[in-house]
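Quick notes on the structure that follows.
The chains referred to below are lettered A, B, ... by the order of the sequence lines, with proteins before strands, and numbering in each begins at 1. Just so you know, these numbers come straight off a predicted model, no measurement behind them.
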Amino acid sequence: MAAVKETVEQVKDIDVDKYKYGFTTDIEMVKAPKGLNEDIVRFISEKKEEPAWMLEWRLDAFERWKTMAEPEWANLTYKKPDFQDLYYYAAPKSTEGPKSLDEVDPELLETYAKLGIPLKEQAVLAGVEGARVAIDAVFDSVSVVTTFKDELAKAGVIFCSISEAMREHPELIQKYLGTVVPKSDNFYATLNSAVFSDGSFVYIPPGVRCPMELSTYFRINEENTGQFERTLIIADKGSYVSYLEGCTAPMRDENQLHAAVVELIALDDAEIKYSTVQNWYPGDKDGKGGVFNFVTKRGDCRGKNSKISWTQVETGSAITWKYPSCILRGDNSQGEFYSIAISNGMQQVDSGTKMVHLGKNTSSRIISKGISAGKSSNTYRGLVSAHRKASQARNFTQCDSLLIGDLCSAHTVPYIEAKNSSATFEHEATTSKISDDQMFYAQARGLNEEEAVALIVNGFAREVIQQLPMEFMAETQKLIGISLEGSVG
Amino acid sequence: MLEIKNLHVEVEGQPILNGIDLTVPKGEVHAIMGPNGSGKSTLSYVIAGKDDYDITKGDILWNGESILEMDPAERVAAGVFLAFQYPIEIPGVATMTFLRTAINSVRKARDEEELSIPDMMKLIQSQAKQLAVKPEMLKRGLNVGFSGGEKKRMEILQMALLNPGMCILDETDSGLDIDALRIVSEGVNALRGPDRSMLVITHYQRLLNYIVPDKVHVMSDGKIVKTGGKELALELEESGYAEYDEDAA
Ligand SMILES: Nc1ncnc2c1ncn2[C@@H]1O[C@H](COP(=O)(O)OP(=O)(O)OP(=O)(O)O)[C@@H](O)[C@H]1O
Ligand SMILES: [Mg+2]
């Protein structure tokens, strides 16, 4: 794979300025005042010109949130955010209503350039054949560029911001929003329900294979802006979609809160593949700064023979609290979770998945590769459960941890609940260290320490990397090198 | 030219090499023979720069300069290559990827231009063919599930690709079948030349019929106890190490 070579180069390029995405774009912002109360919820809803039922929905969530407490069961230690000291709405001023790319603030485009986005997009925007990836780029809270909508529309695919969907396709929003992650599901999801700013909406009509990978780049940009994206993807009967989510954030000192909600719904015979590469700012070497990522992602295999696959590469954030899950409701439905979670420095990761088997003859597969370096802590937390009626439920879980150095830790916390005696659940777990022999061998063939680590870790995570769409493979291999920078020597 | 001068090496306070003096001039091939545990692999690791060892005395010079302060990658870039007695497995890393990364890392360190992917593939494939390394093997994880003989051939393939001035072969012949022994020996002989020195560690005279050495050294208890011409290997085959090994005698 050519990308390994690139990994190696990338690792070398990174010297003093370790986090190359650590810059802040100077674009005028429109902010709501700091703090959270009913008026802020109303302000957000009004800004987005939402229908009355949406406002009611938000207010209801807000009422519930006020009675909830932040969960404490995860293996994470952090100073809880002061929810009254955050901004809940920020929109780049110049983007109130751009109709085309020409109207987009050039500085914003430059931001994307720095993020390395344009490589593909430039081609796409120039109309190059074979480079068709539609982007619904989210800059802070408001979608500013939405490309390819027309072409997708021809296939009947709806891919737009969720605020637009609320206006244009209210029947779909009302039918599906909150049906996978209920309004009061958990503290962070409820907060999101009250104040979510924007996010993506995808609907694939029956029998349609989405003609391109759908891709969203999220970016946190404004100081102190809590980020509350909301994504809703519906694959109607017999349809297929692959969705890519990639993120980077600028460097700063104050912790940034991020609490997204993603809901996936696959109806009969439909398939959704959802891939994430997350490399938000992890904080400096002393653990100062960095993103707090509390995200609720859940997929509902609502129809028979449906399938949902989560693939995630988690390299960033100071705190990660994330469990992309599958509800295997339809008979013969399948859920998959492929994960690479890398922690370095002072990062703390508590991530995993839930596979909830409800229908008959459902199967799930979990492949988790945790890599801990520095003084970080990396926990895999997974639940596999079979309901009483879930006859012949099958799960295979493979959970591997790799330790680099002596100061980090890895934990595996599997929960298994089988209420049906015909269920077959298999769990395998390994913990290993990069061996001195492997390091010496690679170095004796000319690789420096960091090249050797990047290569060995890429090998360790290969099974998951292979699940990623082509677009993300190279990026991921680079990221692995970058995120382990400074972990040896 | 490789010069090892009065080299003393300990592991955790335990002396293993007790004053090795050995010079391999440019273009010469020297063999080291000696009983199990006499320190042959230790010597090869120390030359390659493995850091589990305490060098308490002495020096190792490559082309007149001490290499003791260099890390393993710098040593291979300078031209000192070790083919391991026990090659290491790196799961998930395709052999081809590893070879490409290694070649370009070394080229970069030598201020040579990096090879383009097609040139690289051509180079690797033609060398692999000479050593009868099957193309499928290049797609598999490095050394993972390779047979003993396949691992050894992979070592020689890497040696050929990294173009070293000093080749150290630690028991490359162990585990090779008769055909593989011939193929590997031919590969090694093809690398012999006026600018390349070799240090061949082996237990068997047989290998030295193929790779005929300029000198043979006998190592025992961390010292070179005898040096002779290629006929010394034949003598050892007859009489064993008894006369050199205090403990065994
Ligand atoms: N890391 C280590 N820790 C402790 N003892 C060691 C270590 N490495 C080598 N030794 C010891 O040093 C001695 C020399 O070992 P070495 O592997 O160099 O022998 P060798 O000549 O290569 O033997 P063989 O012919 O069996 O390959 C042995 O007694 C071995 O047990
Ligand atoms: Mg040995």
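- Counting heavy atoms of neighbouring residues, nucleotides and ligands inside a 6.0 Å radius, atom CG of D59(B) exceeds 12 of them.
- Contact annotation: the side chain of L142(B) approaches that of Y441(A) to within less than 4.5 Å [non-hydrogen atoms, C-beta and beyond].
- With a 4.5 Å cut-off on non-hydrogen atoms, A48(B) touches chain A through its backbone and its side chain both.
- Scanning all heavy atoms of the two residues, the minimum distance from Q158(B) to R445(A) falls at OE1-NH1, 2.7 Å.
- When heavy atoms are compared at a cutoff of 4.5 Å, I90(B) approaches chain A by way of both its backbone and its side chain.
- The environment of NZ in K50(B) is crowded: more than 12 heavy-atom neighbours from other residues, nucleotides or ligands sit within 6.0 Å.
- Counted within 6.0 Å of CE on M1(B), heavy atoms from surrounding residues, nucleotides or ligands total 12 or fewer; the atom is thus considered open.
- The local environment of CD in E112(B) is crowded, with over 12 non-hydrogen atoms from other residues, nucleotides or ligands closer than 6.0 Å.
- Two residues are said to be in side-chain contact when any heavy atoms from C-beta on lie closer than 4.5 Å; D437(A) and E89(B) fail this criterion.
- When every heavy atom of L455(A) is checked against every heavy atom of T97(B), the shortest pair comes out as CD1-CG2, 4.4 Å.
- Heavy-atom distances place no part of A461(A) under 4.5 Å from chain B, backbone and side chain included.
- Within residues 69-88 of chain B, the residues having any heavy atom less than 4.5 Å from a heavy atom of chain A are, in residue-number order, P72(B), A73(B), V76(B), F81(B), L82(B), A83(B), F84(B), P87(B), I88(B).
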